[in-house]
Every structure is written in C-alpha cells, then in structure tokens.
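Convention: sequence-line order gives letters A, B, ...; per-chain numbering from 1.
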There are 2 protein chains.
Amino acid sequence: MSRSTVCEDPLAREPGDRRETILDSAAALFARKGVAATTVRQIADDVGILSGSLYHHFDSKEAMVDEILSSFLRDLNDRYTKVLAQKTDARVRLHDLVMASLEVVEAHPHAAEIYQNDLNYLLGIERFSYLRNAGRQVQDAWLTVIDAGVAEGVFRGDLDSKIVYRLMREAIWLSVRWFKPSRAYPIAKLAGDATSLFLDGLTAETAGPPDRA
Amino acid sequence: MSRSTVCEDPLAREPGDRRETILDSAAALFARKGVAATTVRQIADDVGILSGSLYHHFDSKEAMVDEILSSFLRDLNDRYTKVLAQKTDARVRLHDLVMASLEVVEAHPHAAEIYQNDLNYLLGIERFSYLRNAGRQVQDAWLTVIDAGVAEGVFRGDLDSKIVYRLMREAIWLSVRWFKPSRAYPIAKLAGDATSLFLDGLTAETAGPPDRA
DNA sequence: GTCTATATGCAGATAGAC
DNA sequence: GTCTATCTGCATATAGAC
C-alpha cells in the first residue's frame, strides 16, 4: 500500500521496519511500566517522533498491544503444538514444554512480561477477551503432558495435576522477570535445572544407593 | 486525633473503620485492574461516596497504595522472622516458609496481587523505592534456608540456590492469582503439596531403589 | 511519514458550603 | 464526613499542512 516502491540502499532498513521499530519501543515501555501507565507520548519520544505521527502507523495504543501479544501467542502456540506432537516419554515432553516456554519468552521478552503483569487489566478490555482462550490452550498443553505421565506411571498421582501445572508453569514463565541468558547459563541450562528440580526435587540423594549429590 | 471521643453504639463499626472500608475497596480495585488503571472516582463509587470525599481520609491515591502494601509487608516480615528463628531441619523450615508465605497471601490477597503485578510500575515512583528493600529481605530469608539445607547435606548442591529460590518463591506467591482456599483444599494442604513437589519431585517412586531416574 | 495545532475527555486534587 | 463545584494538567486521538 503505502510502502515505497523504489529499492533503497540495501544496507538501510527495509520498508515496514518502521512499524517494528515503534513496536519494539512500545513493547519495552509496556513491559517496564505497564500498559496503562505508558503514554503514547513516551512511545513517540522513545522512537524520536511526535505522538501524532504514531497514528500514521497504528490505529490506537490498544492496536500496538494487540500486535505485540498476538505475535507472542502465535509463536507460543506453534512451539507447544510441536512439543505435543512428539509422543515420547512424559519426562522428556515435560522438559520440552519447559524449553519451548523459555524459548518463546526469550524471543518475546517484552510481550511475555506484558502478558504476565497486565493480563488482568487487558481482560477488562473487550478487544482483548481473546486472551482468555490463549490461557486455556496453554493450560491444556501442560495438563496433557502431566496427565499422560501420571497415566503411564512415570509421574506421581497423589498431587492434583492442575496444582502441579500452575506451580510449574508460573515459575517458568515468570523467569522472564529475572533471568537473563548468558554464555555461562543459557536457557537450555535453566530448562534442564528447572525440570530436574520439578521432576526429582531439591532433596539430596545421599542416603540412597550410592550418592548422586 | 480526629476520632470521635464519645462512645457509639457498640454494635456499630468503630471509628476509623471508614478508612478500612475505603482501603478494602481500593485494594480490590488495584488488584483487579492495576493501580495505574484504577481511578479515585472508581474507588469512591465502590465505597458509595464522591471522589472528593476520599481526600478527607487520604492525602492521595499513592497514600492508599502505600498503606495497603506497608501492612502487607509488615505482616510478611513478622512471619518470616519467626520462621527463621526456628533452628529446625531445613526441610521443615522450607515448608514453614512456604506456609508463612501462603498465610500472608491469604491475609492480604489484594496487597499480594498488587505487589506481584505492579511492582515494576511502583518502583518507578520515588515514594515506593522502599519496596526494593522488602524484596531483598524476602530473598535473604529463602536463601538462608536453602543454603543451610545444602550445607547440612539435606538439599542438593548442584543447583544454583538463587535459581531454586526464584522458581519456588514465584510459584508460591503467584498462587494468589488462582488459589482460593476451601474446606476441602486449605492453604495447609497447598503448602504440603507444593513443598512435597519441590522437595521430592514429580517423578513416581514406583520402581524400587534402583532406577529412580 | 512527520509535523503543527488542537479537539475532547478524564485524570488527580482542592476549597469551601453544608 | 460528605457534597458541590471546579481547577489544572495530561491523556488519546484527529485534521490537515508540509
């Protein structure tokens, strides 16, 4: 539509990139201060334009939030679907679910934080009622894996699987608030450690056969 | 100061109760929609007065948030202190820390949710910079218990204790978003189940001593 | 695609009557 | 202790020039 039709310097940013630049600024601000507390002026300042100019690219502030969260949820859904398609051992699938979650969070850190912090607020806005569905799908994915594990006898059956799901998923997703992946401690290691904690527990295995600790 | 000096009908609410009523309404709204997105008019509506009248009781909206969070944090600090004073087995103390957390969350559900959701936003306001300290104290309490357990050989030493702390504490505190205690499933049971999951893991112990992995 | 200028509404907060 | 009335500022969003 309004995209330029001539080819610019190939080293310059492509057309359409401007939208992404704005969304990046907006997402960072939304994540840090909350959606309601972030003004379109702050977003414009961060980009380096005036607030009125934002409306050339987006219909409203809500529209920006919408795009940010939608792409996050699309990615999340894709990865969870792939994990569920694998019919492997429940322990492996649980680990894969943890890893997939951390990968999505790493790819969309701001969106993940917005989802964590502002979900209640957003659900009060009609436009975002679809978020309720997204939450249900996430829960279904985890419960499928947990319940399969219990059925196979691999997982304990004495705990309510919904409670187990909540405790594990929230712990993993909230890592976006404090975890910064590094060479020394990449997300794969966090996924391994978290899964190991959830599956085997914090208790030392000294007393057992040999000593694994 | 401004409290009435005569004794009213003993069945009526005591003087000073009006403040509490307002704080309750405010806390519920702050928790549900977020502090920034809640207006003083909504609070007044909920109480059944006009927004201007709120300022007879409180200096500002921030002052309300301040009182709500302060009493929550005071209670939290008290209970954590008591748990740390007990020099019992690390497993027991970890359970007690979980239980203390759930008790505070149960006693101040709205405040706990505000703290969870709006901490980033509030930390951007000078008045609330003291919240940073509160967070450090919580972390110290958990790390003390975890590290003591590792030192005693009761807990595994192969996981970073800060990571373990984050995963467990966030899972427990976030339960305020979904857990509603009932006769059938009171907080004591959640504390037990969560502690059991963290300490012993989700893996079934069907096979004997041999392969637990 | 950005700017200037501005419409419109609602936010937090205040002063003084009752 | 609440209400009436209102101040002040800033929010989102728009219209049209450049």
Lys/Arg-Asp/Glu bridge criterion (N-O < 4.0 Å) met for B:R156, B:D158: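 Salt bridge between B:R156 and B:D158, a charged N being under 4.0 Å from a carboxylate O: yes.
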Verify the contact: side-chain N or O of [X] to OP1 or OP2 of [N], cut-off strictly under 4.0 Å; return yes or no.
X	N	result
A:Y55	D:dT14	no
B:R19	D:dG1	no
B:H57	D:dT2	yes
A:H56	C:dT2	no

Which residue pairs pass the side chain to side chain donor-acceptor pair (under 3.5 Å) test when at least one of the two sits in residues 23-36 of chain B, sequence neighbours left out?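 Only B:S25-B:D46 qualify under side chain to side chain donor-acceptor pair (under 3.5 Å).
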With nearest nucleotides of DNA chain D determined for A:D59 and A:Q42 from heavy-atom distances, which residue corresponds to the more 5′ nucleotide?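 Looking at DNA chain D, the more 5' nearest nucleotide goes with A:Q42.
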The criterion is salt bridge (charged side-chain N to carboxylate O under 4.0 Å, His left out); which residues satisfy it with [X], sequence neighbours excluded?
X	result
A:D96	none
A:D75	A:R79
A:E67	A:R19

For the residue pair A:F72 and A:Y115, does the interplanar ring angle fall in the parallel (under 30°), tilted (30 to 60°) or perpendicular (over 60°) class?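 Answer is tilted, since the angle falls between 30° and 60°.
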Output the rounded distance in Å from [atom1] ([X]) to [atom2] ([N]).
X	N	atom1	atom2	value
A:F58	D:dT12	CZ	C1'	16 Å
A:D45	C:dT2	CG	P	14 Å
B:L29	C:dA11	CG	P	13 Å

Distances for protein N/O vs nucleotides 3-7 of chain C N/O pairs under 3.5 angstrom?
{"from": "C:dC3", "atom 1": "OP2", "to": "A:L50", "atom 2": "N", "distance (Å)": "2.6"}
{"from": "C:dC3", "atom 1": "OP2", "to": "A:S53", "atom 2": "OG", "distance (Å)": "3.2"}

Non-neighbouring partners of B:V105 that pass side-chain contact (heavy atoms from CB on, under 4.5 Å), sequence neighbours left out: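 Applying side-chain contact (heavy atoms from CB on, under 4.5 Å) to B:V105 gives B:A112, B:V176.
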By side-chain contact (heavy atoms from CB on, under 4.5 Å) - contacts of A:R177 (at least two apart):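 Counting only residues at least two positions away or on another chain, A:R177 forms a side-chain contact (heavy atoms from CB on, under 4.5 Å) with A:E113, A:N117, A:L174, B:Q116, B:R177.
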Considering only residues two or more places apart or on different chains, which pairs with a residue in residues 186-199 of chain B satisfy salt bridge (charged side-chain N to carboxylate O under 4.0 Å, His left out)?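 For residues 186-199 of chain B, and leaving out neighbouring residues, the salt bridge (charged side-chain N to carboxylate O under 4.0 Å, His left out) pairs sorted by first residue read B:K189-B:D193.
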Residues in contact with DNA chain C, drawn from residues 60-68 of chain B - heavy-atom cutoff 4.0 Å: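 Heavy-atom cutoff 4.0 Å gives B:S60, B:K61.
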